[in-house]
**Q** 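Let me give you the structure first, and then I'll get to my questions.
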2 protein chains.
Amino acid sequence: MIDSPFGAVRHLDLFARMSDESFLRLTRAAYLQSFPAQLQLIAEGDPADFLHVLVSGRVELFSTWNGRETSMATVHPVSTFILAATVRDAPYLMSARTVEKSRLILIPSQDVREIFEQDIGFAKAIVNELARCYRATIRTSKNLKLRNSQERLANYLLRQLGKSGNRTRFELLAEKRRVASYLGMTPENLSRAFNALKAHGVEVDGSHVTIVDHDKLVAFACPHALLDDYAN
Amino acid sequence: MIDSPFGAVRHLDLFARMSDESFLRLTRAAYLQSFPAQLQLIAEGDPADFLHVLVSGRVELFSTWNGRETSMATVHPVSTFILAATVRDAPYLMSARTVEKSRLILIPSQDVREIFEQDIGFAKAIVNELARCYRATIRTSKNLKLRNSQERLANYLLRQLGKSGNRTRFELLAEKRRVASYLGMTPENLSRAFNALKAHGVEVDGSHVTIVDHDKLVAFACPHALLDDYAN
DNA sequence: CGTCCTTTTGAACATTGTCAAACACTGTGG
DNA sequence: CCACAGTGTTTGACAATGTTCAAAAGGACG
């Protein structure tokens, strides 16, 4: 098991508590594959033939309508994505593309559904994962409806600050245009929002962000557990 | 079982495929209760002590931040709400209030979690329900980010039209201010959006909506399965 | 009839998006 | 090494969209 290419995956929340037998059955038909940057992995509307697990690299989930496109989320290793389509045997609601060179494990959706019906440990893990994703999306929705773009950016920066171990200085992990799309605005608007946040203790130089006055930013952003603590 | 107050619930997707024994255990400590209109049932941030099942009436899910409020969804009988908080034993992300006089079954979350671990039929149903809710929320998010307010209203009307059995004339099921909040805009903006849709085959008189020219409205709204078919 | 609430309308305003141009950065090929 | 193209970012002017505030109009209900 340890020298299997799927060793890294075994410890994921989703797979950790399933039986060895189930895990072997699940990964028997699975395969590990490398993809170059900027490659579209999934087109929304396609049938969910595979559960995707990102092992290394980075993947962007996005959606389109009527010629418009919006970034929905960025997936970091090691984690799965678009589990809901797999368990419901329904078409993907989001498209996916690699941001950088990435390795993924593709597990046939059919196997996921079969083993989920037999392995209670796996079923429990799926429930937890789905509930977590669901709640994350609710937060995203609240964020979009209750805050304007400057407030969304301010809170986004505070969340990134937390992820980077509360250093006052950190790097944006995506291009600004992607950040803008993720936050539901245009690149031009993001640029102006960054300018506006100078008055609230934020300095930007390229992709380097410095939180000069943390208290001031918090006072402006009003972060809230039910909107910004994506952990639980 | 049939003359139990929980008979109506037994046939819900969530409970239909669990064993009789599990169902009895689940409902043993549950209780049916009536609530008047406009009563707040749940405050966001509270621990999820009970899984709520709406048996009759109507419930609105909403969220607040910094003195602002937004309507997130309307729950119709018979269905459960805020399942995710229950299974994760986490605080509610949304508040709930009755829109009209309603009857609800309250099931202790503790029991839901215990029985979910033992009854595979129940576990499967929870997974399906969570995946469905998750996908619905993704659609909501896409809707908010990819469409402007007129487009959101136009597609909302087409969805309501479908629900009402495609009669050309139907009633709004909620006050316009709630519809506005649900669609992410102000009541004033909704009023103007309705006016703008006159040019696209929509007539409004109070809460009565008539789709005068269905093709014209469709041409403007551009409804899309991955955004508007909340069924799967 | 009066009261309360919702809805509508108008005007002013704020926010966000669009378009065009300038600028910065990166990598390529001469 | 430099010129160059290509891409992403920033800025300014302007347009579109959405909000706020105030007031009027409409409905529900005692």
Side-chain angles (χ1 to χ4, degrees), chain A residues 36-38 60 62 65-71 97 99-101 143-157 171-200 202-209 220, chain B residues 36-38 60 65-71 97 99-101 143-157 171-200 202-209 220-221:
Chain A
Q38 298 304 328
E60 182 191 17
F62 65 99
W65 176 77
N66 235 12
R68 300 170 208 168
E69 176 179 321
T70 188
S71 178
R97 72 163 72 94
V99 175
E100 54 194 56
K101 193 168 180 309
N143 201 23
L144 284 170
K145 292 179 78 178
L146 291 167
R147 288 173 172 161
N148 65 22
S149 61
Q150 289 181 23
E151 291 163 343
R152 292 200 296 278
L153 176 59
N155 282 290
Y156 173 80
L157 293 179
E171 289 235 5
L172 293 175
L173 39 52
E175 286 175 299
K176 283 184 180 167
R177 56 199 302 267
R178 276 179 221 292
V179 173
S181 180
Y182 172 71
L183 293 175
M185 49 184 166
T186 58
E188 294 95 328
N189 194 9
L190 177 69
S191 181
R192 286 169 184 127
F194 267 122
N195 271 325
L197 289 189
K198 278 180 191 165
H200 301 286
V202 176
E203 266 178 21
V204 194
D205 175 33
S207 66
H208 298 282
V209 177
F220 173 76
Chain B
Q38 299 302 330
E60 182 191 18
W65 177 76
N66 236 10
R68 300 170 209 169
E69 175 180 321
T70 189
S71 178
R97 70 163 75 94
V99 175
E100 53 194 58
K101 194 170 180 307
N143 202 23
L144 284 169
K145 292 179 78 177
L146 290 168
R147 289 173 172 160
N148 65 23
S149 61
Q150 290 183 21
E151 292 164 341
R152 291 200 296 276
L153 176 58
N155 282 289
Y156 174 79
L157 294 179
E171 289 235 6
L172 293 175
L173 40 50
E175 287 175 298
K176 284 185 180 166
R177 57 199 301 270
R178 276 179 221 292
V179 174
S181 180
Y182 172 70
L183 293 175
M185 48 184 163
T186 58
E188 294 94 329
N189 195 9
L190 177 68
S191 181
R192 286 169 184 126
F194 267 122
N195 271 325
L197 289 189
K198 278 180 191 164
H200 301 287
V202 177
E203 266 178 21
V204 195
D205 176 32
S207 65
H208 299 282
V209 177
F220 174 75

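The basis for the numbers below is simple: all heavy atoms, side chains too, and nothing from hydrogens, waters or symmetry mates. Residue numbers start from 1 in every chain, and the chains themselves are labelled A, B, ... in the order their sequence lines are given, proteins ahead of strands.
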**Q** Between atom CD in B:Gln38 and atom P in D:dA28, what is the gap in whole Å?
**A** 17 Å
**Q** Whole Å only: how far is the CG atom of B:Asn148 from the P atom of D:dA16?
**A** 13 Å
**Q** Give the rounded distance in Å between these two atoms: CZ of A:Arg68 and C1' of D:dA16.
**A** 12 Å
**Q** Quick one: does A:Arg177's side chain get under 4.5 Å of A:Tyr182's, heavy atoms only?
**A** no
**Q** Calculate the interatomic distance between A:Arg152 atom CZ and C:dT15 atom C1'; express it in whole Å.
**A** 11 Å
**Q** Return the CG to CE distance between A:Asn148 and A:Met185, rounded to the nearest 0.5 Å.
**A** 9.0 Å
**Q** Closer than 4.0 Å, any side-chain N/O of A:Thr186 to the OP1 or OP2 of C:dT16?
**A** no
**Q** Is the shortest side-chain heavy-atom distance between A:Lys145 and B:Leu144 below 4.5 Å?
**A** yes
**Q** Less than 4.0 angstrom from a charged side-chain N to a carboxylate O is my criterion; do B:Arg178 and B:Glu60 meet it?
**A** yes
**Q** Roughly how many Å is it from CD in B:Glu171 to P in D:dG27, rounded to a whole number?
**A** 14 Å
**Q** Does a salt bridge link A:Arg97 with A:Glu69, judged by any charged N lying under 4.0 Å from a carboxylate O?
**A** yes
**Q** Rounded off to whole Å, could you give me the CG-to-P distance for the B:Leu183 and D:dT19 pair?
**A** 11 Å
**Q** Whole Å only: how far is the CD atom of A:Gln150 from the P atom of C:dA14?
**A** 13 Å
**Q** Can you name the atoms? Protein N/O to nucleotides 9-11 of chain D N/O, anything below 3.5 Å, with the distance.
**A**
unit_1	atom_1	unit_2	atom_2	d
D:dT9	OP1	A:Lys176	N	2.8
D:dT9	OP2	A:Arg177	N	3.1
D:dT10	OP1	A:Lys176	NZ	2.6
D:dT10	O5'	A:Ser191	OG	3.4
D:dT11	OP2	A:Asn195	ND2	2.8

**Q** How many Å lie between NZ on A:Lys145 and C1' on D:dG18, as a whole number?
**A** 15 Å
**Q** Taking C-beta and beyond as the side chain, do A:Arg147 and A:Asn155 meet within less than 4.5 Å on heavy atoms?
**A** yes
